[in-house]
Every structure is written in C-alpha cells, then in structure tokens.
Amino acid sequence: MRELRLTNTLSRTKELFVPVSEGRVGMYVCGPTVYGDAHLGHARPGVTYDVLFKLLTHLGYKVRYVRNITDVGHLEHDADEGEDKIAKKARLEQLEPMEVVQAYTLRYHEAMRMLNVAPPSIEPRASGHIIEQIEAIKKILDAGMAYESNGSIYFDVAKYNEKYHYGILSGRTLEDTLEGTRSLDGQSDKRAPYDFALWKKAEPQHIMRWPSPWGDGFPGWHLECSVMGEKYLGREFDIHGGGMDLMFPHHECEIAQNQASRGTRGVRYWVHNNMITIDGKKMGKSLGNFITLFDLYRKYSPMTIRFFILQAHYRGTLDFSDDALAAARKGLKRVLQAAKDLYAIAGVKAPEYSYGALPATVAPESCTAESKEVRTVWENVYDALCDDLNTPVALAAISEAVRLINSYKEGSVKLTKADIDTLVQLFNDVVFGVLGLCDEESSQGGQSKVVEGLMQMVLEQRAAAKAAKDWAVSDHIRDSLKALGIVVKDTKDGAEWTME
RNA sequence: GGUGCGUUGGCCGAGUGGUUAGGCGCAGGUCUGCAAAACCUGUUACAGCGGUUCGAUUCCUCUACGCACCUCCA
C-alpha cells in the first residue's frame, strides 16, 4: 500500500498516516448545523473529505466515514448563552424544530449530491444520541472535571488543565484563552469564562428539551461529536476533519471531553480545511457575505465548483471570484473533453456517473505504461495525492495527461496500447474516482434519441453544403445552432457537436 | 491585547536553497474555406530591509500590509 502523509494539526507537520488497525480507517467529520441552506463554504469540507474518503478507499483501506448532522445544541452568539439556532429558525418560520431539521438536511444532501460528494457511511444526528451524551456527562462528572450549576452542567476547564493541556490543538495556553475574552457579566452560571456547557437547563418556553438526571434540558454543542465519534468509531480512531474555524473551541473541547470521559484524546490525526474567502475575507454567516450553493449552481455548474476547490490545496484559503470560477469552468471543460477523446481512442465506455460510487478499491502498485511521459504523469498524480492530498499538483499532472491525449489525437505524440490503458485507468480511478469529477452533460442521461437524430440530419445537410463549397449555408447552420447553445466543430473526421 | 497564518507574474493558485508548476487570460505561429478546438512558442513572478550561504522566491531577524481564531460560523 502506498504511503500517505497528512498534516496533523496536533503536530502542525505532515505525518505518515498509520491507522489504528491495519487496513481500516475510522474518519469523523463535523457536518452542518441544519438551520439554513449550505453555502459555498460548506462545499469545501464536503469536497475535501470526500476526496480523502475516496483516496483512502482507493488505496485499499476499508473506511468508515462518519459525518454528523447537528440538529440541537448549537447556540447563537455565544456557545452557552444564545438561542438555539434550530429553535430560532423554527420560531421565525413557525415550524416544529424537527421540520426545520428535516427540510435543511434534505437540501444539504441535494447540494452535496450535485457536487458528487459521496454520502458518508454513517450520518448520525445529535438529537438521536441524547442518552449517550448524558452518559458521557456522568463520566466526566465522575472524573471530577465538570460541575452542576443551576440545572446546567459545565466542563471545569481549570481542573482539566491541571492534569492535561487545554489548548493542545490550537496551540495556546489556558492563560492565552483568557486574553481578550469578555468579562463575566455576573449572570453566568459558569465558574470561569472558558468553561463550556455539557448540558444546558431548558427554560420553560424552550421546545427542544429532554429529561436528564439534572432536570429537563439539552446537550451542549461540543459534546455530540465526542459521543458520536466514540459510538461509531471507537475510543480512539484515526482521522477527525472539519473547518479551521472549528479548531477552537469546538475541537479543543472535544479533546478535553474525550480525555475526561474515556481517558484518551480519542483522535490520532486532526485534519483541518481552510476557508473560502471573498475579497480576502472569510465567507461566513456572520459577515453575511456568503452565497448559497443553489444560487451559485445557477451560474456555475456544481462540477465547476468542485474543480475550483480542487485547484487549491485544502490547507490554504481560496478566494472566490467570477474570474476564478470562469477559469475553473474552462479548465474543467478541457479535462472532460480530453477524457471523452481518450475513451473514444481506447474504444471503451466512459464510466457511468453514479452518485456515491467509490473508486476501485486497490490502487495499482506500479505503472505499466511504456511511455516515460505517461509514467511520469501517473507517478506525479499518486505522489501528489498521497502528499497531504495535494490536489492542485495532481491536477497539474492531469493537465499534462490532457496535453498528451490531445497531442496523440493530432498525431504529434506516439502512445502504445499500454500507455492508453494506463491513462484510461488513471482517469477512471483518479479523475472520476478519487477527485470525483464527472461529466454533467453526459450524466444527465445523455442526449435524447430525437436530438441525436435531428443533429445528425442537420449536420449531414451542412456537410453537403460544405462539399458544394456553399459557405453561406454551412456557416448559417453553424451560427443558428450556436444561437441555440450547440457548438459545432469541424475535425478531419467530420463535424462534432456539443451542447453548452 | 493573546495565538496562529499569509503576502508569488494580468487573474486564480502550486512549489522549491541553484533546473517549466498548472489553469485562465493575452500575443504570435501551425492547422482550417472561415470559425472553433487542438498543438507549438512567448508572456518568467515570488511585499520591503538586513542576515546566513558559493548561491534565497525558498532558511533566519525585523518592518509594512492582509487574514483567521480568541462569541456562532465549514
């Protein structure tokens, strides 16, 4: 099996990936809080961890990928004082909170499906794990690292920090976390500002409530991920992913909860994707500068957005702009056209697009191509992907493959059957598999028979006009089709057409 | 104020102590009735000042600017 390196936020270095149990990977990723439509920012972790999931699978690991849905406990403004995001949306729309949850969960699934993000192996909901969360709180209380205050339970960070390091992930000390924090307003039930809620007492008007040993209430936001991670992946699992903005306090709290409740940090490799920015500023709910995926899909296809995300490394910020998206659209088109040509040259069928499909489970150990250039491309692609998921470098190598295919097509490069076979495999396994690109046009069930027949007829007429050197007619046909969004290209083997 | 990150050519965006990232755009060429596509060529950059080095965009100091987290945010 190929070696994979991942940047572990804990060490801030690239580490060789070694799973807890050989051949298997447990991966947990923080999913969305479903109180609104997913925006472009949500596409980043969606695509990033989809690629990681698919790469691990392709390398031969059996992967269990857990991505949660947060449907309770995520409060506004302040982790422990604001209104529950779901409850607020429900109040505003006069809906039962679970109606909000259901509606936006389905819409999230649709937004991800369009990006060809495969569904996770398990998608647990916070509200479905109240019992487990209560049990975890009991353990933390037993360990003496939490306290009850006015019907709520808080994590005792200072107590925890005596024995462990609170701030190990985000690289700060307990003192650091005090800097710049708001002063206690005296109303808080917390002993210290950095303490966080494990369980919150529900006020009488609060709809989302569950019974507990401490009275009716609801779980704190950070707890769900600790609990569901353990339930489905075990006391200690391999990879935990999420956005960099979740590093502190969310993931820091998770580590503390894990340590206090089960005696281990719980996670070996912490992986964090960076943010998408607009004009250099983070796209997010608070700034209100986000654009929802469904809105974006009206202008740019989901695959364009996927390609755009893949063109940057996941650890860096990625700036959104019309120019950048337009460039991604053209770059993607070039790759997909080459893919079509490649499959035609090889005389094999292009892989059928199917949502949730994973790449071949075992990556080829060595390259069987004969051409040095093809071998280099092949090596570069796998080296890049296994070097901390370097998709931009992998795409650069793919771009070289595209050049080879095009050059072969026009006869300026020679490739053997072994070379072609290697390229086909590379496109199957990596371009369409791991990177998860797909040809949206041809995946829409292809063109109808009627359109195919009509186009054939029209192009025959045009060919006849061309043969008679009647350029007026042939250009008129081409221009008319162009106006309809159909682009005709003359090649030495006759005319080709594509729908824009 | 604390912590951390960044500053690359017209745009997006990789990477490296000395050799082409890649995409998009632009210019020229080949091909073509024309166009499109494709191919070839060109467009050669690494914020500033010092330092280390035979040599730094790449390591170190400082400066400027920007960003993120420290409230919820993927």
Side-chain angles (χ1 to χ4, degrees), chain A residues 12 29-33 38-46 48-49 74-83 85 167 170-173 175-182 193-194 221 241-250 252 272-277 280-287 290 307-308 311-313 315-335 337-338 341 380 384 390-400 402-403 405-407 409-413 466 469-471 474-475 478-479 482 487-492 495-496 498:
Chain A
R12 287 165 202 273
V29 172
C30 289
T33 301
H39 58 74
L40 178 58
H42 292 95
R44 190 106 196 247
T48 298
Y49 301 111
H74 203 166
L75 308 185
E76 294 217 313
H77 311 309
D78 180 297
D80 301 323
E81 303 300 336
E83 185 175 5
K85 286 170 185 268
S170 51
R172 54 189 99 188
T173 65
E175 291 71 46
D176 290 340
T177 66
L178 275 176
E179 294 287 341
T181 52
R182 311 277 181 287
Y194 41 61
W221 172 43
M244 272 185 187
D245 50 354
L246 298 181
M247 197 165 81
F248 190 93
H250 187 56
E252 201 72 72
H272 288 100
N273 63 276
N274 215 317
M275 302 292 106
I276 287 181
T277 57
K281 295 225 170 48
K282 174 182 169 182
M283 175 182 287
K285 294 261 162 86
S286 24
L287 279 175
F290 63 91
F307 192 82
F308 169 67
Q311 273 188 313
H313 190 265
R315 303 225 359 124
T317 55
L318 172 58
D319 204 50
F320 167 87
S321 69
D322 262 354
D323 283 351
L325 265 292
R329 176 161 56 199
K330 298 202 81 167
L332 170 68
K333 190 178 168 192
R334 183 163 174 273
V335 172
Q337 184 57 49
D341 293 339
N380 287 349
N390 198 331
T391 53
V393 169
L395 281 177
I398 296 294
S399 185
E400 178 64 15
V402 168
R403 210 205 90 236
I405 292 164
N406 287 332
S407 298
K409 197 182 166 198
E410 69 156 34
S412 59
V413 161
K466 275 173 64 101
K469 296 204 190 299
D470 187 347
W471 310 127
S474 82
D475 287 353
R478 187 172 61 197
D479 293 346
K482 179 108 197 274
V487 177
V488 175
K489 286 186 282 188
D490 291 322
T491 71
K492 52 178 187 265
E496 289 176 356
T498 48

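Letters A, B, ... are given to chains in the order of the sequence lines, protein chains preceding strands, and every chain is numbered from 1. Values below: all heavy atoms of this structure, side chains included; hydrogens, waters and symmetry mates excluded.
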For this session: Provide, to the nearest angstrom, the distance between the CG atom belonging to A:L332 and the C1' atom belonging to B:rG13.
Result: 17 Å
For this session: Report the distance from atom NE2 of A:H250 to atom P of B:rC73, rounded to the nearest whole Å.
Result: 7 Å
Exercise. Between atom NZ in A:K282 and atom P in B:rC67, what is the gap in whole Å?
Worked result: 14 Å
Exercise. Given atom CG of A:L287 and atom P of B:rC72, what is their separation to the nearest angstrom?
Worked result: 15 Å
For this session: Identify whether any heavy atom of A:D319 sits under 4.0 Å from a base atom; if not, whether one sits that close to sugar-phosphate; answer base, sugar-phosphate or nothing.
Result: sugar-phosphate
Exercise. B:rC69 P sits how many Å from A:N273 CG, rounded?
Worked result: 13 Å
For this session: Using only side-chain N and O atoms of A:K281, determine if any of them is under 4.0 Å from OP1 or OP2 of B:rC67.
Result: yes
For this session: Test for a donor-acceptor pair under 3.5 Å between the base of B:rC34 and the side chain of A:D490, counting only N and O atoms.
Result: yes
Exercise. Once you round it to whole Å, what is the distance between P of B:rA35 and NZ of A:K482?
Worked result: 13 Å
Exercise. Using a cut-off of less than 4.0 Å, is there contact between a side-chain N or O of A:N406 and OP1 or OP2 of B:rC39?
Worked result: yes
Exercise. Any side-chain N or O of A:K409 less than 4.0 Å from the OP1 or OP2 oxygen of B:rA37?
Worked result: no
Problem set entry | Heavy-atom pair of closest approach, residues A:R44 and A:M275 | NH1-O, 3.2 Å
Exercise. When you check the phosphate oxygens OP1 and OP2 of B:rC69, does a side-chain N or O of A:R172 lie under 4.0 Å from one of them?
Worked result: no
Problem set entry | Nearest-Å distance for atom pair CD/C1', residues A:E496 and B:rA36 | 11 Å
Exercise. Whole-Å distance between B:rA74 P and A:L246 CG?
Worked result: 7 Å
Exercise. Base, sugar-phosphate, or nothing for A:M244, non-hydrogen atoms under 4.0 angstrom?
Worked result: nothing
Problem set entry | Main-chain N/O of A:G242 paired to A:Y49 side chain as donor or acceptor, under 3.5 Å | yes
For this session: Respond yes when some side-chain nitrogen or oxygen of A:R12 is under 4.0 Å from OP1 or OP2 of B:rC5, and no when none is.
Result: no
Exercise. Under a cut-off of 3.5 Å for both distances of each Watson-Crick or G-U pair, what dot-bracket string does RNA chain B give, using [ ] for crossing pairs and | for inter-strand pairs?
Worked result: (((((((..(((.....[...)))((((((.......))))))...((.((..]....)).)))))))))....
Seminar exercise, completed: By nearest-heavy-atom nucleotide on RNA chain B, the more 5' of A:G243 and A:A326 is A:A326
Problem set entry | Sugar-phosphate, base or nothing in reach of A:A396, heavy atoms under 4.0 Å | base
Problem set entry | Side-chain N,O (A:S399) to OP1/OP2 (B:rG23) below 4.0 Å | yes
Problem set entry | Whichever of A:C30 and A:F308 has its nearest RNA chain B nucleotide further upstream toward 5' | A:F308
Exercise. Between A:R334 and B:rC39, is there a side-chain N or O to OP1/OP2 distance below 4.0 Å?
Worked result: yes
Exercise. Looking only at atom types and distance, does a side-chain atom of A:S407 sit under 3.5 Å from a main-chain N or O of A:S412, one as donor and one as acceptor?
Worked result: no
Exercise. What are the two closest non-hydrogen atoms of A:F248 and A:S170, and how far apart are they?
Worked result: CD1-OG, 3.3 Å
Exercise. If you check the A:A324 side chain, which of B:rA74, B:rC12, B:rC40 turns out closest?
Worked result: B:rC12
Exercise. Within the pair A:N274 and B:rA68, is there a side-chain N or O less than 4.0 Å away from OP1 or OP2?
Worked result: no
For this session: Look at all strands and tell whether A:V29 reaches a base, only sugar-phosphate, or nothing, counting heavy atoms closer than 4.0 Å.
Result: nothing
Exercise. Any donor-acceptor pair under 3.5 Å joining the side chain of A:D323 to the base of B:rG25?
Worked result: no
